[in-house]
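Worksheet: one structure, shown below.
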Amino acid sequence: MQTHAGAIPISVISALLTAFISYIVYQCLLSPLASFPGPFLAKVNKLWRAYATYRGRWHSDIVALHRRYGPVVRIGPNELSIADPEAFLQIYRLTWVLGAALGTSRPFAKSASYSVVQGSRPFDLAGERNEKVHAAQRRLVARPYSMESTLRLEPQVDELIRILLGKLDAVATPPTSQVIDLGHWLQLFAFDAIGIVSFTKPYGFLASGSDDGMFPRLEQTMHSASWLMHAGWFFRLHQKVMPWLGNWLAVNDRNGYFFQFAQREVQARKDHGGSDLDIVGQLFQAQQAKAELNDLTISYMMTSNVFAGSDTTSIALRAIFLNLIRHPHVMEKLRSELKNNLNSSPEKIVNAAEADSCPYLQAIIYEGLRVFSPAGFMLDRDVPAEGMMIGGRRVPGGSVVGTSPWVIHHSVEVWGEDAEEFRPERWIETENPGHLRRFFFAFGGGTRTCIGRNISWLEIEKLVSTLVMRYDFKLAPDAVISEYCGALVFLKDLRVQVSRRDI
Ligand code: HEM
């Protein structure tokens, strides 16, 4: 058959069509993951996940997909989302020792998607994929993040809480009782708290009441990272042409704008001195014995503090307050506990030791982070070369598996029929709290568990207990609270009427 000059020959078209059909048949029928159910487009095209993430509803969409398809959902040609409790424990909870005993010789390493987070940074705890390199880096910096170190900074956190109380008093003292965006104030607090634990000094956002444009920028960076993690080729291409076309991706702010911000703070801390108790002070001290812990490395680490430590904590605080407001009986029960156990009053700033001694308060924090986990993404891991079994089916080495905190936290199989409900009592009633905690995934798991957990917990337990004793909170009648997932699940427009309880 003749073809016109310039037209594509039929033979080429039919070869392309055959290749396309073969690819679809392979992915749907012959691939080692073919037996796992999932949306058709996800099975055949990696971009499905990038787009699904880009839409900003991944945290709830993936829960809905599991309700539809079951405990294992295929969300990419080579990717599985896991709600199966046994498989979840195998992926995230095994240590080297236990792993060796079970025949899984090493932890599941982070997948290629994390390279986008890491960018060109040689020191990046969250993005580092090599488990050995990560373990060495973590050992280098872990000490200042311990509970012992964190507690030494409690007086400085108290100072910050006093500033917040001053701000809230101004809108909550009779005859005033204004509606405010409580979420905004919690975010200013959480951001400044990171300044305190890192550099002994707050950034001054809470005092000025303004974030200086920082929060939208953080949010855009997070969102950009969330979908680009699943379009790595596009990210790499962009980085190659960036010298000529400029930067078009907000994710680069992580290693650009936010790194420079952290670097300036580290330099200022060095120039002006500060307390040896803060994280940078401790790292400067450690520097004397460990040459590899140079100023650049410390700045990289502080970038993680700014990037991973402020929005996460503020979302946790927002979620806990929203749930307390929506469940007045829980709020009252908490107040009774604080009054009876601590003799707490509206004037008092609760200290960490006191907060730790209140089981209901602790249960509220667990439950708040369970039903509304700040991290809304799936924590991708590579299946080791030997492969793994999930629900009796073999998953080959090199496949990507992972679980989002939202998926495991909303699993009926783990939490029971009331998995969707905010019910702190479940953490107290259970005969086996250790069992429930194994499935508590708000801070990730295994070797890659959040290094800032102690810091956040301290902030949360102090602030929640102090504020509920001092103020009444009521949702504004016109409050329209929305959720938006860009890696973290941003909870917006927490418009609340705040009033002093003691006046
Ligand atoms: C409620 C607050 C927080 C939540 C919900 C949270 C959540 C998480 C999660 C889920 C991970 C694991 C990520 C993964 O495996 O991909 C993680 C890791 C990490 N977080 Fe947090 N985080 C919080 C607070 C903080 C704070 C306050 C800091 C720093 C001061 C911090 C710094 C980090 C770092 C550096 C990592 C990487 C750790 C590693 O791989 O060794 N986070 N966090």
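In listed order, ligands and their atoms are each counted from 1.
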Nearest non-hydrogen partners of [X] and [Y], listed with the distance:
X: M302; Y: S198; result: SD-CB, 3.8 Å
X: I194; Y: S310; result: CG1-N, 4.1 Å
X: S399; Y: N78; result: CA-OD1, 3.5 Å
X: Q282; Y: L277; result: NE2-O, 2.9 Å

Protein contact to [atom] [nearest heavy atom, distance to 0.1 Å]:
atom: atom 38 (C) of ligand 1; result: R138 NH1, 3.5 Å
atom: atom 15 (O) of ligand 1; result: R381 NH2, 2.9 Å
atom: atom 16 (O) of ligand 1; result: Y114 OH, 2.5 Å
atom: atom 14 (C) of ligand 1; result: K110 NZ, 3.3 Å
atom: atom 29 (C) of ligand 1; result: N305 OD1, 3.7 Å

Check ligand 1 against [X] and write out every atom of the ligand that is under 4.0 Å from a heavy-atom position of the residue.
X: H134; result: 39 (C), 40 (O), 41 (O)
X: L379; result: 14 (C), 15 (O), 16 (O)
X: R448; result: 12 (C), 40 (O)
X: I194; result: 27 (C), 30 (C)

Discussion item. Whether the side chain of N294 engages the backbone of T297 through a donor-acceptor N/O pair (distance < 3.5 Å, no angle test) should be reported.
Written reply: yes
Worksheet item: How does T313 reach ligand 1, by side chain, by backbone, by both or by neither, if only non-hydrogen atoms under 4.0 Å count?
Response: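 It is both parts that get close, each with some atom under 4.0 Å.
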Practice prompt. Using only heavy-atom distances, determine whether the side chains of S226 and T53 contain a donor-acceptor pair under 3.5 Å.
Written response: no
Item to complete: Compute whether any side-chain donor of one residue and acceptor of the other, for T447 and E131, lie under 3.5 angstrom apart.
Response: yes
Fill in: Ring-face cation contact, W457 with R453, 6.0 Å cut, 45° max
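Here R453 passes the 6.0 Å and 45° test against W457.
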Discussion item. Both conditions, 6.0 Å and 45 degrees, for the charged tip of R254 above the ring of F259: are they met here?
Written reply: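 Output no; distance or angle outside limits.
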Discussion item. Using heavy-atom distances only, which candidate in A316, S314, A442 approaches atom 7 (C) of ligand 1 most closely?
Written reply: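 It is A442 that holds the nearest heavy atom.
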Item to complete: May I have all residue pairs that pass salt bridge (charged side-chain N to carboxylate O under 4.0 Å, His left out) and include part of residues 360-380, sequence neighbours excluded?
Response: R49-D380, E367-R370, E367-R426
Worksheet item: Just wondering, are more than 12 heavy atoms of other shown residues or ligands nearer than 6.0 Å to CD in E413?
Response: no
Fill in: Sub-2.8 Å protein N, O or S atoms surrounding atom 21 (Fe) of ligand 1
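Near atom 21 (Fe) of ligand 1, the protein supplies C450 SG.
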